[in-house]
Structures are given as structure tokens and as C-alpha cells.
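Both counts, for ligands and for their atoms, begin at 1 and track the order of listing.
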Amino acid sequence: MTATCTRVALGAALACALTFTAQAAEPRGAKDGAYNAAQIKRGAAIYATKCETCHGPKLTAGEAPPLAGAEFMANWSAYSVGDLFEKTRNTMPANDPKSLSNQEYADIIALILSANKFPAGDAELPAAPDRLKQIRFEAIR
Ligand code: HEC
């Protein structure tokens, strides 16, 4: 990696360094593959028993606001995934807040990212609020 980078022109070297940083670091944005496929399977099972009655089977309709789609993204695009995690953990399910484990909330947040068309990656979304705060929640354009 280093040898390749030192031989190329300045502009390309900069691009190379940026790519390297992005690969080495944790996801900085929800677009960077912040959750994986196994996690959304778990999230979907929990969602079906704890959230679906109010938020609807596809996360988009029900007596409660949508958790996927343009309206939801407009509410959350300026915040971090950690902010969404905290709000969900502290207030949801509305009839029994804070009743799930951090891991279960993280699994459901992964499902919400998936439903908003953020791509899956290799690693799971961490069940650690401090680390989730580092991941920006911005819209796919
Ligand atoms: C008893 C009905 C009910 C259940 C069950 C429920 N919710 Fe909610 N949810 C609501 C209502 C009503 C609101 C709107 C008021 C609010 O934001 O507190 C809401 C709001 C939200 C929001 C904020 C949406 C936004 O755009 O600001 C999130 C995120 C959320 N719920 C996630 C969940 C998750 C995840 C679960 C399952 C663990 C869940 N809810 C279960 C009724 C429910």
C-alpha cells in the first residue's frame, strides 16, 4: 500500500491516502456499510414482536410515524445513528420504553438503516452508544 502510494502523482496519492483511511477506520457514515445482513435478520424478528403493531410491517405505515422513507430521513439526516439509538432506547416501544437490551436496540436500528436503503457491510452495528455517535445518519443521494 505505502509503496504504491509513494510512486503516484500528488492528486492520486491524496486519493490513495483517503481510501486507505476509510478502509482502516470504522464507518463514519451510515452509507459506509454500518451493519450486516445477519443483524437485520435479528432486528426484523424483534421488530415484528415489539414495534410492528404501531409502526407497520414495512416500517412505513401505522398509527405511529414511519421509520423509513422521505419523511423519516428528513427528520434524521442531520443527526447521528447514535442519536436515533438513544431516542429509540429512551422512548420505544412507546408502551414499554427501555425494555430491550442495547444489543436488541442496535439490531432494530440496523433494520431501520436497511429499510432506508443504506447498504449492508461486513461488521455489525455496535451496541455501544459512544461508537454509534460517530456514525453520521445522512441520506443516500
Ligand atoms: C404503542 C405504539 C408504539 C410501539 C409499540 C412502538 N412505537 Fe415507536 N413511536 C410511537 C409513536 C406514537 C411515535 C411518535 C411520538 C414520538 O416520537 O415519541 C413513535 C416514534 C418513534 C420513533 C421516532 C420517529 C421519528 O421520525 O422521530 C422511532 C425511531 C420509533 N418510534 C421506533 C420504535 C421502535 C424501534 C419500536 C420497537 C422497539 C417502536 N417504536 C415501538 C408508537 C410506538
Peer 1: In the protein, what heavy atom is nearest to atom 5 (C) of ligand 1, and what distance, to one decimal place, separates them?
Peer 2: Lys50 O, 3.3 Å
Peer 1: Would you compute the distance between atom CG of Leu67 and atom CH2 of Trp76 and round it to the nearest 0.5 angstrom?
Peer 2: 10.0 Å
Peer 1: Quick one: look at Lys87 and ligand 1, take heavy-atom pairs under 4.0 Å, and tell me if it's side chain, backbone, both or neither.
Peer 2: side chain
Peer 1: For Asp96, is the nearest heavy atom under 4.0 Å from an atom of ligand 1?
Peer 2: no
Peer 1: Kindly determine whether Arg42 and Glu104 satisfy salt bridge (Lys or Arg N to Asp or Glu O under 4.0 Å), including the steps that lead there.
Peer 2: CA-CA 8 Å; Arg42 294 198 310 264; Glu104 289 173 310; over 6 Å; no
Peer 1: Begin with the C-alpha distance, continue with both residues' side-chain angles, and end with the deciding distance and a verdict on side-chain contact (heavy atoms from CB on, under 4.5 Å) for His55 and Met92.
Peer 2: CA-CA 11 Å; His55 289 281; Met92 293 293 136; 4.1 Å; yes
Peer 1: Which ligand 1 atoms are under 4.0 Å away from a heavy-atom of Leu84?
Peer 2: 29 (C)
Peer 1: Rounded to the nearest 0.5 Å, what's the gap from CZ on Phe137 to CD1 on Ile112? Could you check?
Peer 2: 7.5 Å
Peer 1: Check whether Asn36 reaches the backbone of Gly121 with its side chain - one donor and one acceptor, N or O, closer than 3.5 Å.
Peer 2: no
Peer 1: Whether the side chain of Gln134 engages the backbone of Arg131 through a donor-acceptor N/O pair (distance < 3.5 Å, no angle test) should be reported.
Peer 2: no
Peer 1: Show which atoms of ligand 1 fall inside a sub-4.0 Å distance from at least one heavy-atom site of Ile108.
Peer 2: 35 (C), 38 (C)
Peer 1: Are Pro66 and Lys58 side-chain neighbours, meaning at least one heavy-atom pair lies under 4.5 Å?
Peer 2: no
Peer 1: Return the set of residues passing side chain to side chain contact (heavy atoms under 4.5 Å, CB included) with Ala127 (not counting sequence neighbours), or none when no residue passes.
Peer 2: Asn102, Gln103, Ala106
Peer 1: Of all the non-hydrogen atoms in the protein, which one sits nearest to atom 26 (O) of ligand 1, and at what distance?
Peer 2: Asn75 ND2, 3.0 Å
Peer 1: Just to be sure I understand the site: which N, O or S atoms from the protein are less than 2.8 Å away from atom 8 (Fe) of ligand 1?
Peer 2: His55 NE2, Met92 SD
Peer 1: Heavy atoms of the protein only: does one fall short of 4.0 Å from atom 15 (C) of ligand 1?
Peer 2: no
Peer 1: With heavy atoms under 4.0 Å as the rule, classify the contact between Phe72 and ligand 1 as side chain, backbone, both or neither.
Peer 2: side chain
Peer 1: Could you check atom 25 (C) of ligand 1 against the protein and tell me its nearest heavy-atom contact, residue, atom and distance included?
Peer 2: Trp76 NE1, 3.3 Å
Peer 1: Can you spot which of Ile135, Ile108, Asp107 makes a side chain to side chain contact (heavy atoms under 4.5 Å, CB included) with Leu125?
Peer 2: Ile135
Peer 1: Write down the atom of Tyr47, the atom of Leu111, and the distance for their closest heavy-atom approach.
Peer 2: CB-CD2, 3.5 Å
